[in-house]
Enquirer: 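Let me begin by handing over the structure; questions about it come next.
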Amino acid sequence: MSMPLELQCVDCGQKYSVKQILYQCTSCKGLLEVKHDLERLRKLNLKDLFEERWNAKTLPYSSGVWRYKELIFPVNDECIVSRNEGNTNLYKSGKYAQYAGLDNFMLKHEGENPTASFKDRGMTCGVSAARFLEANSVACASTGNTSASMASYAASCGMKALIFIPDGKIAYGKLCQALAYNGKTLQIQGNFDDAMTMVQQVCDQYNIYLLNSINPFRIEGQKAIVFEILQQLDWQVPDWFVMPGGNLGNNSALTKGLRELYEIGIISKIPRVAVIQAEKSNPLYRMWKEKKDFEPHPDPDTIATAIKIGNPVSWKKSLKGIEWCDGVVEQVSEQEIMDAKAMVDGSGIGAEPASCCSVAGARKLREKGVMKKDDVVVGVLTGHLLKDPNATIYYHLDELKDQGITGAFRNPPLQVE
């Protein structure tokens, strides 16, 4: 099958066929990204095509990823593995906006995906790529959401799933999903970065298809977040997108999608993007703030377990995208994360701690004057409230003092007869 796209190294520009199983450049070890034939895509009326598919009732176009198939992965339909991911709500009001000091602050809730996180968008594309490449086993390292998503999508098409998770400090709401979806789960001594090193070695040795965000097709699926947001906004571009930063695949995907929409003429404005990291897991922020070479965080540790990553594989792609859109990187404390979470939850929306970095970061950028009060801002919530219920319960019981967090906006149960 002839494909109107190829893989290209983000560092040296070396090109490869999408029919090769590759994650890094064989020449310089740089990460690869999917390059679409934008000249060909400019000639298609994609915007009208996407609008026609908006109310599709059957797959693939009922999916909030495969609706944008031409800009994602134009593979034959029989290769597509989908659970009707996407189609998540864009919330346009709530006490979180007042808390952040913004008049026009919307939240895109990716926790409403099938396995309750944004990972499903990348995983539908990654597992479809595995099927296209005739793989029968997939693997990942994970702090929780990736493993839950991969195990689900692998199970839905009969693939074997191998999962490496760090020992301790993983949210059980996520681990239970990996186990329930029959993923073979290995809990290793060490942190996420150790698990990431091990899974790459195992995949190379045993010819298993790797589905962490180092996989370029994962990034393609995750781009659909921004496509869907813009379609929900009738293609009117906001001033800002703001999102948490962990392994940095999400914001890399978002800026790649924006760049492609801009280059083919669907949008004419480039929004700014803010990436928010936890203070205790902030390698990109330290690089950005101190204007020095990238150095991994030696001991990442945060209540926002989904972004507890000290050596993110996508940092180069992330930085490239941030620079393209005149974006910024900010950090927030554990207290700021959980207080912002209380505001999101108290708006009736709810999200896991890492998601709420979007609100905490927006509030901080507004206080610093980086964002203006009347800016149109879209924050991405990456995971569902019930992914990490313990963090929520302990906050409201004010039992996080050992982590330096007080339940400033707590809502404890009342003892009655």
Side-chain angles (χ1 to χ4, degrees), residues 5 7-11 13 30-36 38 41 46 65 68 71-73 86 90 106 108 110 118-119 121-122 125 212-233 235-277 283-285 287-288 294 307 309 312-330 355 357-358 361-362 365 370-371 375-382:
L5 66 167
L7 300 176
Q8 185 173 18
C9 177
V10 298
D11 289 339
L31 292 185
L32 302 178
E33 67 177 5
V34 174
K35 299 294 287 187
H36 294 266
L38 297 184
L41 292 174
L46 288 180
V65 172
Y68 313 103
L71 272 171
I72 302 291
F73 185 24
L90 182 64
M106 293 167 274
K108 177 68 165 171
E110 289 296 288
F118 78 97
K119 302 287 187 179
R121 291 188 187 263
C125 194
N212 280 99
S213 58
I214 192 174
N215 184 307
F217 293 102
R218 278 277 312 279
I219 299 300
E220 293 307 292
Q222 286 169 214
K223 289 186 320 191
I225 296 173
V226 74
F227 298 163
E228 190 171 275
I229 290 170
L230 290 172
Q231 192 167 11
Q232 287 171 311
L233 294 175
W235 303 102
Q236 299 300 304
V237 182
D239 298 301
W240 285 91
F241 287 96
V242 56
M243 61 183 52
N247 219 16
L248 305 178
N250 212 4
N251 72 281
S252 300
L254 186 137
T255 52
K256 184 176 188 290
L258 286 170
R259 189 170 68 245
E260 290 166 351
L261 291 178
Y262 184 77
E263 290 180 4
I264 64 178
I266 290 181
I267 62 173
S268 57
K269 170 186 172 181
I270 300 175
R272 301 181 73 185
V273 173
V275 179
I276 313 301
Q277 294 203 294
L284 185 70
Y285 173 78
M287 178 190 187
W288 181 267
F294 179 82
I307 57 172
I309 298 169
V313 297
S314 295
W315 72 266
K316 284 187 179 180
K317 286 184 180 180
S318 173
L319 190 62
K320 178 181 175 183
I322 293 167
E323 290 172 343
W324 172 78
C325 68
D326 189 28
V328 299
V329 184
E330 187 54 83
S355 296
C357 288
S358 297
L365 292 170
V370 178
M371 288 180 178
D375 279 346
V376 179
V377 180
V378 176
V380 177
L381 301 178
T382 49

Enquirer: Does Leu46 reach the side chain of Leu71, with side-chain heavy atoms less than 4.5 Å apart?
Expert: yes
Enquirer: How about Val313 and Asn247: do any of their side-chain heavy atoms sit closer than 4.5 Å?
Expert: yes
Enquirer: Going through the distances and angles, do Ser252 and Ser318 end up as a side chain to side chain donor-acceptor pair (under 3.5 Å)?
Expert: CA-CA 5 Å; Ser252 300; Ser318 173; 4.6 Å; no
Enquirer: Can you see which heavy atom on Cys9 is nearest to which on Gly30, and at what distance?
Expert: SG-CA, 3.9 Å
Enquirer: Could you check whether the rings of Phe73 and Phe217 sit parallel, tilted or perpendicular, using 30° and 60° as the cut-offs?
Expert: tilted
Enquirer: Taking it one step at a time, do Leu258 and Ile270 satisfy side chain to side chain contact (heavy atoms under 4.5 Å, CB included)?
Expert: CA-CA 7 Å; Leu258 286 170; Ile270 300 175; over 6 Å; no
Enquirer: Taking side chain as C-beta onward, heavy atoms only, is Lys256 less than 4.5 Å from Glu220?
Expert: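 A side-chain contact exists here, since the closest heavy-atom pair is under 4.5 Å.
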Enquirer: Go through Tyr68 and Lys223 one step at a time and tell me if the side chain to side chain contact (heavy atoms under 4.5 Å, CB included) criterion holds.
Expert: CA-CA 10 Å; Tyr68 313 103; Lys223 289 186 320 191; over 6 Å; no
Enquirer: Taking all heavy atoms of Leu365 and all of Glu330, pick out the closest pair and write down the distance.
Expert: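 Of all heavy-atom pairs spanning Leu365 and Glu330, the closest is CD2-OE1, 4.0 Å.
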Enquirer: What are the two closest heavy atoms between Ile322 and Val328, and how far apart are they?
Expert: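 In terms of heavy atoms, the two residues are closest at CG2-N, 3.9 Å.
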Enquirer: Less than 4.5 Å apart, any side-chain heavy atom of Val377 and any of Asp239?
Expert: no
Enquirer: Any side-chain heavy atom of Pro244 within less than 4.5 Å of one from Asn251?
Expert: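 They are not in side-chain contact.
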Enquirer: Looking at every heavy atom in both Ile276 and Cys357, which two are closest together, and how far apart are they?
Expert: CG2-O, 3.5 Å
Enquirer: Carefully, step by step, assess Ile229 and Phe241 under the rule side chain to side chain contact (heavy atoms under 4.5 Å, CB included).
Expert: CA-CA 10 Å; Ile229 290 170; Phe241 287 96; 3.9 Å; yes
Enquirer: Do you know which two heavy atoms are closest between Val376 and Met106, and how far apart they sit?
Expert: CG1-CE, 3.5 Å
Enquirer: Just to verify, which of Ile307, Leu248, Ile309 counts as forming a side chain to side chain contact (heavy atoms under 4.5 Å, CB included) with Gln277?
Expert: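 Looking at Ile307, Leu248, Ile309, the match for Gln277 under the side chain to side chain contact (heavy atoms under 4.5 Å, CB included) is Leu248.
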Enquirer: Take Val378 and Leu233, measure what side chain to side chain contact (heavy atoms under 4.5 Å, CB included) needs, and give me the verdict at the end.
Expert: CA-CA 10 Å; Val378 176; Leu233 294 175; 4.3 Å; yes
Enquirer: Locate the shortest heavy-atom distance separating Lys269 from Val237; write the atom from each residue and the value.
Expert: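 Residues Lys269 and Val237, closest heavy atoms: NZ-O, 3.2 Å.
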Enquirer: Do Val275 and Tyr285 come within less than 4.5 Å of each other through their side chains, counting heavy atoms only?
Expert: no
Enquirer: Quick one: CD on Glu228 to CG on Leu90, what's the gap to the nearest 0.5 Å?
Expert: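 These two atoms lie 9.0 Å from each other.
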Enquirer: Quick one: are Ile219 and Glu33 in side-chain contact, heavy atoms under 4.5 Å?
Expert: no
Enquirer: Do the charged groups of Glu110 and Arg121 touch, with an N to O distance under 4.0 Å?
Expert: yes
Enquirer: Taking the side chain as every heavy atom from C-beta outward, state whether Cys125 and Ile72 have any atom pair closer than 4.5 Å.
Expert: yes
